[in-house]
Amino acid sequence: MSTLIAIAVDGAIHGAWLFLVAVGLTLVFGVMKILNIAHGNLYAIGAYAAATALGYWFASHPPSAAALAIQVGAALAAGLVLGLLLEVAVLRHLHGRDEVSVALATYALLLILDDVMLMIWGTDPQSAAAPYLLLGASRIAGMRFNNYEFLVMGLAILVGLLIWWVLTRTGTGRRLTAVIHDREMAAAMGINVRAVHVATFVAGACLAALGGAFTAPMIPVAPGIGAEIIVVTFAVVVIGGMGSIPGAAVGALVVGLARAAAVHLYPPAEVFIVYAVMAGVLCFRPNGLFPQAAVRRI
Amino acid sequence: MRRLSKITLAAAALAACLQAGGALAQEKLRIAVVTPLTGPLASVNVPGQNAARILAEAINAGTLPAPYSGRRGMGGAEVELFFLDENGGNAKQVSEFRGLAERRGADVVMGFGSAATCLAVAPVAEELKVLTVMSTCATPRIFEDASYEYVFRTTAHTTMDSAALALYVRQRLPEVRTVGHINPNFALGQDSWRDFAAAMKSAMPATRVVAEQWPTMGSGQYTAEISALAARRPDLIHTSLTGTDMEAFMTQMSARGLQEQSRIVAPLLELAINRMGRQIPEGIIFTARGTNGLFAPPSALNTWFTDIYRGRHNEMPVFTAYQYAATLLALKAAYDKAAGPAGARPATRDVIAALRSSTFEAPGGTIRMALGNGHQAIQDTAVGEFGFDRRANVTTVRNVTVFPAACVNPPAGARSEAWLRDGMPGADCSGIVNR
């Protein structure tokens, strides 16, 4: 019984973290039909920005809850600046191109941003563990869990609810949904599709950076972390259905639970369980668990 | 006509200059240092790169202390290092190794942090006949599964660490009955755990393995693994995680108090001590892959090395620094010996003959090329517990045991796995020292 509880808790923690990183990727794909391979770099830059800001802050201040505000601020600043820059300088010029060209362009961005990060931060990892140790621990089924991980879980739920609210309860969300379903018709109805694209990409960049900023206290931030996260993030998005926000949530939870089950019950499977689950889902539902409704033109 | 002859003269002079430049360039000994510059192993190999630069400068300037004092360069040649990123997978490394030899004119290749890379490039080095000296990678399989002429390793393999750690646990923690592990699912992790499990079975047959974890290298998230280990409550947990993986595990583990219910054995912990310092829980058992770093025996060479390293990088050198330094010192000793008193640039075959089965001094003590037909090094090693002196703000080591090389390395011709499994026959442990 305690093993099942541990799997549930570990799976939920891992799934929440994955959702935080993956939701921006699926949002951008849903609205802009861009498979942003550089999404992992936005996550990495968020992590670097947070680690750097936290390093400066804690060099002269004792550990405090201010760390959380710094993480959010660093992520939003990094996501806003980089999201705007990439959208205006690169992605805007790719509208109308075929998907392979766009994927290649974002792959080029991945390589360029990797080198930019190396130039700025070098090869030495950046550590910012203070927030991780700030919130203490809780006991569940006789095991100690770090409360910071529950904070990340809460943040993921908050982000999910916020996106759901924006999409279903606001005019912006309705315009966004219209663009998702048919951008030409949305443009014909007077929606500024370009502005929607800019806002969506910046929001996706901010979400990726937020994921990175809240990961930074758990791991040393080092070159290559963006490339490591992007593969599993793609798996989450593919399992859930490309472009589906609820799909990203369910996909992240499925991956988190599958990984936790493998770790607890059969550890050698950890290395491939995510991809086995993805292959299994695609066998029965080739468009993922929550595929976007396709418009049929007559 | 006169103008034409002036142009011809100028062209001839330019050609002569270029030729002379080429001749000078050829006199340099070009050493390619293949080392992780990016990825999870980058941070732990930076000290190695730092040490290589320090050693190359000192070799060229002739400022090395005894027993290397008084002779500049290697075999009379100035040393030139150039660095290449090891990250990116074996296929890339094999391809780049060919490029090193065929296009970039490397006389010697050294470095290599990953066991997988070492296993992949060793046959290529042999095929291309490029003198290749591995500095850090630790799998014993290189010289146990094959025989090489052009490939050497100037550091002991991981069997030494596992044997020493198991003997240390038997001596200092005889109450241990159950063991768990978390090791990265790649060559080093698999070798390290296989050897440690076999060594524990030999040293303490009553112990049993109750938890196994094989995280993917670079995963960084260990929440579930820590829960799984905590649930089984082993007396001892072995981990060969390294680099950013080790730091992430230490951060996440200590926040959840895993070290309070199990003793942790982390052979590669030393690589994290400069960066993590007081964040590392006290009492973790570790080695420095030889008598390196905090375990180094006092010597003029070690004092010179640590002083110059600390002065330049504001931290103590860790074992990767010692290993890269040892490689360059081994090469210097071999080149100088092969060059003879005349100091003429020796042929590669003469350098190989000089390096094979040699004994040389390094900052971490005496190293002997005793295994793998004289291509694989052994040296003394030590095990201790990590501590942090908060008053002096420095890392310390306590409860140290020093094991002679002959006690913890298999004899020539023996296979490591079988040697450990059979109870380490022939091990001479008469010189163990506790301090």
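Computed from a prediction, not measured in an experiment: that's the story for all the values here. Each chain gets a letter, A, B and so on, in the order its sequence line appears, and its residues count up from 1.
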Sole residue of B/Asp85, B/Val46, B/Asn87 in side-chain contact (heavy atoms from CB on, under 4.5 Å) with A/Thr123:
B/Val46
Max heavy-atom pair count under 4.5 Å with chain B, selected residue of A/Thr215, A/Val271, A/Ile225, A/Val221
A/Val271
What parts of residues 127-135 of chain A touch chain B if we use heavy atoms and a cut-off under 4.5 Å?
A/Ser127, A/Ala129, A/Tyr132, A/Leu133
State, without any angle test, whether B/Ser227 and A/Asp10 hold a side-chain donor-acceptor pair at a distance under 3.5 Å.
yes
Side chain, backbone, both or neither: which part of A/Met143 has a heavy atom under 4.5 Å from chain B?
side chain
Using heavy-atom distances under 4.5 Å, tell me whether B/Gln213 contacts chain A through its side chain, its backbone, both, or neither.
both
So do A/Ile219 and B/Thr251 actually touch side chain to side chain, heavy atoms under 4.5 Å?
no
Kindly indicate whether the side chain of B/Arg275, heavy atoms from C-beta on, has any atom under 4.5 Å from the side chain of A/Pro220.
yes
Are any non-hydrogen side-chain atoms of A/His14 and B/Thr223 less than 4.5 angstrom apart?
no
Which residues in residues 146-154 of chain A have any heavy atom lying under 4.5 Å from a heavy atom of chain B?
A/Asn146, A/Glu149
Checking an interface table here. Which of residues 256-268 of chain B come within a heavy-atom distance under 4.5 Å of chain A?
B/Arg256, B/Gly257, B/Glu260
Can you name the residues that form a salt bridge (charged side-chain N to carboxylate O under 4.0 Å, His left out) with B/Asp191, not counting sequence neighbours?
B/Arg141, B/Arg194
Need one label for A/Leu118: side chain, backbone, both or neither, based on atoms under 4.5 Å from any heavy atom in chain B.
side chain
